[in-house]
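For reference, the structure discussed in these notes is given below.
Just so you know, ligand 1 is whichever comes first in the structure, and atom 1 is the first atom listed for that ligand.
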Amino acid sequence: MHLKRLELNGFKSFAHKSEFVFDVPIIAIVGPNGSGKSNVVEAIRFVLGEQSVKSMRGKTGADLIFKGSREIPKMSRASVSIVFDNIDRVFHLHQDNNNRINVDFDEVVITREVYSDGSNKYLINGNEVRMKDVHELIASVNIGASGHHIISQGEADRYLNANVKDRRELIEEALGLKVYQYRIKESERKLQRAEDNMRESELLRRELAPHIRFLKRQVDKIEKAKHLRIELMSQYQVYFAQEDYLRRKLGSDLDIEREQVQKEYAEVQRFIDNYGDSNETDVFPEELEIKKAQNQINEINRKITSERQELGRIEGMISLLEKQQRDAQSNNNTQIETTHPGFSFEVVREFLTDLLTQIDLMGVSTRITFGTIKKSIEDFIKTPVSEIQTESRQIDNTKEISVLENSKVSIQKTISEFQLIIDSTEVSIKHWEESLHEKRAQYQESQKQYYEYVAKKKELDARRQIIMSRDESLGLRSNARNEEYTEAKVLLGVDSIEYQSIAVEHELEITAQTQEQLRREIERIKIRLEDIGGGSGVELIKEYEETMERDQFLEKEITDISTSIESLQSIISELKESLNAQFDIGVQKINNEFDRFFKLMFGGGKAQLNPAEIKKRKKKSNQEDQLNIIDELEEEESTEYGIDINVQLPRKKVSDLDMLSGGERSLTSIALLFALSQVNPPPFLVLDETDAALDEANSQRYGDMVESLSKYSQLVVVTHNRETMSRAQTLFGVTLGRNDASTTLSLRLEDAKKYAK
Ligand code: ATP
C-alpha cells in the first residue's frame with residue numbers, strides 16, 4: 001500500500017485544483033519560503049481527519065479555505081482528496097447499520113471538505129461518511145490522524161519536548177500500540193459508563209427500597225385482608241346458616257308455646273266466665289233464717305223479760321196482799337191503803353189490761369194456756385173498784401191472792417213455753433249455722449279457685465305479652481339478619497353469600513347467645529379488615545409487582561453490570577498487560593535502532609529510552625462521592641511509567657536533553673524518529689523540513705537514513721536541503737504565483753537532479 005495522489009482544491013494557498021502524484025518511494029516538495037509547501041503537509045493531515053485546526057495553523061475551519069487574492073476571489077469550500085493504492089486490500093472498514101461503505105477496490109479515495117461555516121464533509125470513494133469512519137479506515141493501515149508519520153515543520157523534536165507521559169503516548173502511537181490505548185480508553189469509558197450505570201442502578205434501587213418496603217407492607221395487608229375476607233365469608237356462611245336455623249326453631253317454639261298458652265287461656269277464660277254465672281251472690285238463705293230466728297229469740301227473750309217483770313210484780317202483789325191480809329186480820333184494811341200509798345186498784349187494772357194485750361200478741365198455744373188467766377183478769381178488770389175495796393175491807397184478800405197465784409203460775413208456764421220455743425229455735429239456728437259454715441267453706445274454696453284462675457289468667461296474659469314481644473323480636477331479628485346479609489354482601493363484594501349448603505352442626509347448642517358470640521367474632525374480623533383498609537388492592541398489587549419487577553430488573557442489571565465491570569476490568573488489565581509487554585518489546589527494539597541511528601548521526605555516543613516512574617494520586621471513587629461527601633483522605637496512589645530519553649554524546653559529558661545544541665537536538669530527534677519508523681514502519685512518512693538544522697555532513701547521513709527508511713515507508717519530504725532533494729525520485733516544486741495562489745510543478749528524478757545542481 002502506498003500514497004498514490006493528493007488533490008487540493010481551495011485549500012489554503014491552493015486556490016485551484018492541484019494534484020500531487022506520489023508514485024515513487026521518495027517524494028520531495030520544494031519551493032521558496034511561503035510558497036505553500038507546509039500547506040501540502042497540512043492538507044495531508046486535514047484529509048486524514050485532523051481535528052486540531054491549530055495544528056494546521058488556523059483558528060477556524062474557514063482559515064483552511066483559500067482566502068482570495070487580488071485576482072482570485074475567496075473560496076467557500078476547501079477540498080482535499082488523498083488516493084491510496086489498495087491492490088492488496090489492506091484497508092478495512094467495519095460494516096454496521098450506519099455504515100455500508102465498500103472499500104473493496106484497488107484504490108481508496110478519502111476526501112474531506114470544509115465550508116466557510118466550519119462544517120466538514122467526509123467521503124470515502126465518493127460516499128459521504130462519518131469522520132469516525134475515516135479514522136477507522138486509516139487506523140486499519142497504521143496511519144493516525146495526527147500520527148507520528150507526519151512530522152510538521154519544527155515538530156521533529158516533539159519527542160524531545162514532550163514530557164515523560166506524553167512521550168510514552170507518542171512512542172506507543174509510533175509503535176502502533178495506539179490501538180491498545182484506544183481500546184483501553186474505550187474499555188475505561190465503558191467501565192466508567194458501567195460504573196455510572198451501576199451507581200445509578202444502585203441509587204435507583206436504594207430509592208426504590210423504601211417504596212418496595214411500603215408496598216410490601218400494603219400488599220401484606222392486602223394478603224391479610226384477603227385471608228380475613230375468606231375467614232369472614234366462612235364465618236358469615238356459618239352464621240347465616242345457623243341464624244336461619246335458629247329463627248326457624250325460635251319461630252316454631254313460639255308457635256307451640258303460643259298454641260299452648262292460647263289453649264290454657266281459653267280454659268281459664270271459660271272457667272272464669274262460668275264462675276261468674278254460678279257465683280253471682282254470696283248471701284246464703286241460712287243467714288236470713290238465722291237472723292230471723294235470732295230476732296224471734298230476741299223477741300221471745302224480751303217477752304220473757306216482760307213476763308218475768310210481770311211475775312215479779314204479781315209476786316210483789318201477792319206478798320202485798322198477803323201482808324194486807326195479815327195486817328187486816330190483825331188491824332184494819334185502811335191501814336193497808338195508807339201504808340201503801342202507791343198501790344191502787346187502778347194501777348192493778350192498768351197492769352192487767354197491758355198483760356191482756358201481751359197475751360193477745362203471744363202465739364196460739366200461749367194464748368190457750370193463758371185462757372183462764374185472761375178470763376179472770378178480764379173479770380177483775382170489769383169489777384168496779386169500790387166493790388173490790390169494799391169487798392176487801394169486808395173480806396180478806398185470799399181470792400185475789402189466788403188469782404194472782406194463778407197468774408203467776410200462768411206466767412211461769414208462759415215463760416217456760418217461751419224457753420222451749422227459744423231452745424227449739426236455737427237448735428234450728430245451730431243447724432243453719434252448720435249448713436252456712438259448710439256453704440261458706442265451699443264458697444271460699446271456689447273463690448280461691450277463682451282467684452287462682454284469675455291469677456293464672458294474668459300469668460297467661462303476661463305470657464301472651466312475652467310471646468308477642470318474642471314474636472316482635474323475632475321479626476326484628478329477621479330484619480337485622482336481612483340488613484346483616486346486605487352489609488355482608490357489600491363488605492365481601494359478592495352478589496350473594498352461598499350458605500344454604502352449609503351443614504348446621506350441633507344444632508342443640510345453637511342459641512341466641514352462641515349467635516351473638518359468632519356475631520361478635522364477625523365484628524372483630526370486620527374491625528380488623530377496617531383497620532387494614534378497604535379496596536381490593538388490585539392497583540397496589542400491580543404496582544408492587546411492577547416495582548418488584550423493576551427492582552429485580554435493576555438487581556439483574558447490577559449483576560450484569562458487575563459482571564461486565566469485572567470483565568471490562570480484566571479486559572483493561574489484559575490490554576494494559578499486552579500494551580506494556582508489547583511496549584517493552586517495542587521500546588527495546590526502538591532502543592536498538594535509536595542507539596544505532598544516534599551513533600550514526602553523532603559518530604558514537606549512546607542513546608536510550610528509559611522508563612520513568614510517574615506517581616499518580618487519584619481520589620477514590622466511592623458511594624459517598626455521589627452524595628458529594630468527598631473524603632480528602634480517600635486517595636489512591638497509582639504508579640505509571642513514562643519514558644525518559646537518555647543520551648550520551650561522544651566525547652561529551654552531556655546527558656541532559658536541555659543542554660544539547662539546536663543541531664544536536666535535531667539530530668537526536670531525527671535519530672529517534674527514524675528509529676521509530678524503522679521499528680514500526682508506517683505506509684508513508686511526511687517530514688516537513690526535519691533536516692533544516694543539519695550541516696552538510698549530517699545532511700548526508702540524513703539522506704542515507706531517508707533512503708534506508710524508504711525501503712519500508714514511502715517518504716514525502718519538504719525540504720530546502722539539496723542533499724535530501726537528491727535522494728528523491730520525484731520533486732514537486734511549489735511556487736506562489738502572481739495571483740497569490742500556490743502552483744505546483746512536478747519534476748522527475750533526472751530533472752530533479754538537474755534542478756538540484
Ligand atoms: P517555508 O519554506 O518558509 O516554510 P512554505 O512553502 O512552507 O514556506 P507555507 O507555510 O506552506 O509556506 O505557506 C504559507 C503561505 O500560505 C503564506 O504566504 C500564507 O499567506 C498562505 N496562506 C495560508 N493560508 C492561506 C489561505 N487561507 N488563503 C490564502 N493563502 C494562504
What side-chain donor-acceptor pairs closer than 3.5 Å can you find for residues 595-602, not counting sequence neighbours?
residue: D595; atom: OD1; partner: K599; partner atom: NZ; Å: 3.4
residue: D595; atom: OD1; partner: A607; partner atom: N; Å: 2.9
residue: D595; atom: OD2; partner: K599; partner atom: NZ; Å: 2.5
residue: R596; atom: NE; partner: E593; partner atom: OE1; Å: 3.3
residue: R596; atom: NH2; partner: E593; partner atom: OE1; Å: 2.7
residue: K599; atom: NZ; partner: G605; partner atom: O; Å: 3.4

Under 3.5 Å donor-acceptor, N698 side chain and D695 backbone
no

D644 and P611, any side-chain heavy atoms less than 4.5 Å apart
no

If you measure from CZ on R158 to CG on L672, what distance do you get to the nearest 0.5 Å?
10.5 Å

Kindly list each side-chain donor-acceptor pair under 3.5 angstrom involving residues 70-77, sequence neighbours excluded, with atom names and distances?
residue: R77; atom: NH1; partner: E113; partner atom: OE1; Å: 3.4
residue: R77; atom: NH1; partner: E113; partner atom: OE2; Å: 2.7

May I have all residue pairs that pass side chain to side chain donor-acceptor pair (under 3.5 Å) and include part of residues 568-579, sequence neighbours excluded?
E188-K576

Heavy-atom contacts under 4.0 Å to ligand 1, chain-then-number order, include exactly K12, S13, P32, N33, G34, S35, G36, K37, S38, N39, R57, D63, I65, F66, K67, Q153, E689, H720

